[in-house]
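Below: the structure, in structure tokens.
Only heavy atoms go into these numbers, but all of them, side chains included; no hydrogens, no water, no symmetry mates.
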Amino acid sequence: MWQSFVCAMVAAVTLQAFNPFRTGKLVLYQVTYHSGWHAFELIPFALLGIFGGLYGGLFIRLNMTMAKWRRDRNYLKSPVLEVVLVSLTTALLNFPIRFMRAQASELVYTLFAECVDITDDTLGLCKSGKANTEVVVLLLIAAVLGFFLAAITFGLQIPAGVILPSMAIGALYGRAVGLIMEVWQVNHPSWIFFSTCEPDIACVTPGTYAIIGAASALGGATRMTVSIVVIMFELTGALTYVLPIMVAVMISK
């Protein structure tokens with residue numbers, strides 16, 4: 001443990017010195033939130049935990065089915081040909097949807113960030129009015145499509161993991177839930193659930209829902225708990241949201 005800790009600290013200091021993202025941050029996903037969370041938000045956070053558990057269970061079942069199919073098939077034996085076909089299919093399906101077109105790491109950061117910190121809203125996450133409905137629908141479509149593509153891709157003979165795809169999928173449906181909650185609170189500010197919201201201050205931060213959705217998806221896919229919570233708040237710096245992340249991960253488990 002000591003050797004691992006020293007190794008990790010040396011790596012972190014080296015990364016800080018190189019500053020690869022030119023932001024002074026250790027990771028691309030590190031974000032800063034200008035407001036905290038409210039007690040009523042534990043309900044949608046718990047709902048995201050349920051979504052994460054369902055995602056994890058379905059992902060594992062579909063991936064095991066794909067693994068059995070790969071083992072027993074009598075055709076498409078070439079791993080190179082399979083990778084090419086899956087890559088081509090992924091490109092054709094992803095390109096029409098702007099959220100799937102983005103690089104996974106950039107997509108995750110944009111979904112995590114607050115609108116005031118997004119300098120170039122190319123994904124249209126900060127639109128309001130009727131456009132908000134379109135964004136929510138696209139986010140959910142991208143999450144479902146990403147789920148199927150991740151389950152099929154994980155197991156190909158390429159160095160591709162499950163952590164970043166799961167984070168992206170969870171962040172997609174998490175941001176969708178966050179946008180729904182934001183619109184709901186803006187349109188019905190007098191509801192008893194929203195009585196703790198301060199006037200003239202944004203009550204709901206959709207980016208936090210993306211972080212908690214990503215944590216729930218990771219918990220569902222990997223079946224880990226404490227380590228996922230630590231990984232999420234170290235990746236994002238969102239220490240204030242450790243309790244909601246814990247709630248979502250435990251319900252996901």
By side chain to side chain contact (heavy atoms under 4.5 Å, CB included), which residues pair with [X], not counting sequence neighbours?
X: S4; value: none
X: M224; value: T222, S227, I228
X: A46; value: I251
X: F95; value: R101

Show me the pairs that pass disulfide bond (SG atoms under 2.5 Å apart) and involve [range], at least two apart or across chains.
range: residues 76-123; value: C115-C126
range: residues 199-253; value: C197-C203
range: residues 25-85; value: none

Can you tell me how far the [atom1] atom of [X] sits from the [atom2] atom of [Y], to the nearest 0.5 Å?
X: M167; Y: L107; atom1: CE; atom2: CG; value: 10.5 Å
X: E134; Y: L139; atom1: CD; atom2: CG; value: 10.5 Å
X: H38; Y: T196; atom1: NE2; atom2: OG1; value: 5.0 Å
X: E106; Y: T110; atom1: CD; atom2: OG1; value: 7.0 Å
X: L111; Y: L172; atom1: CG; atom2: CG; value: 5.0 Å

May I ask you to check whether over 12 heavy atoms, not counting those of [X], lie within 6.0 Å of atom [atom1]?
X: I192; atom1: CD1; result: no
X: M250; atom1: CE; result: no
X: Q16; atom1: CD; result: yes

Whether T14 side chain and V10 backbone form a donor-acceptor pair below 3.5 Å =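 Confirmed, T14 side chain pairs with V10 backbone.
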(request) For residues 74-94, pull every pair meeting side-chain hydrogen bond (donor to acceptor under 3.5 Å, both in side chains), keeping only residues two or more places apart or in separate chains. (result)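 Residue pairs with at least one partner in residues 74-94: W69-Y75, R70-E82, R73-E82.
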Return each pair, listed once, that meets side-chain hydrogen bond (donor to acceptor under 3.5 Å, both in side chains) where at least one residue sits in residues 47-66; pairs must be two or more places apart or across chains.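 Sorted result for residues 47-66: Y55-S166.
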Is there side-chain contact between [X] and [Y], with heavy atoms separated by less than 4.5 Å?
X: L179; Y: V183; answer: no
X: L93; Y: F148; answer: no
X: V230; Y: V242; answer: no
X: M100; Y: I141; answer: no

Got a list of side-chain donor-acceptor pairs under 3.5 Å for residues 150-162, not counting sequence neighbours?
| residue | atom | partner | partner atom | Å |
| --- | --- | --- | --- | --- |
| T153 | OG1 | L149 | O | 2.7 |

Between [X] and [Y], what is the shortest heavy-atom contact and its length?
X: F112; Y: A171; answer: CE2-CB, 3.8 Å
X: M181; Y: P44; answer: CE-CG, 4.0 Å
X: A143; Y: I169; answer: O-CG2, 3.8 Å

Query raised in the report: Which residues pass the ring pair (Phe, Tyr, Trp, His ring centres under 6.0 Å) test with F194, sequence neighbours left out?
Result: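 For F194 the ring pair (Phe, Tyr, Trp, His ring centres under 6.0 Å) partners, ignoring immediate neighbours, are F40, W184.
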Considering only distance and modelled atom types, tabulate donor-acceptor pairs under 3.5 Å from the side chains of residues 208-219, sequence neighbours left out.
| residue | atom | partner | partner atom | Å |
| --- | --- | --- | --- | --- |
| T208 | OG1 | T205 | O | 2.6 |
| Y209 | OH | E41 | OE2 | 2.7 |
| S216 | OG | L48 | O | 3.1 |
| S216 | OG | Y173 | OH | 2.9 |
| S216 | OG | G213 | O | 2.7 |

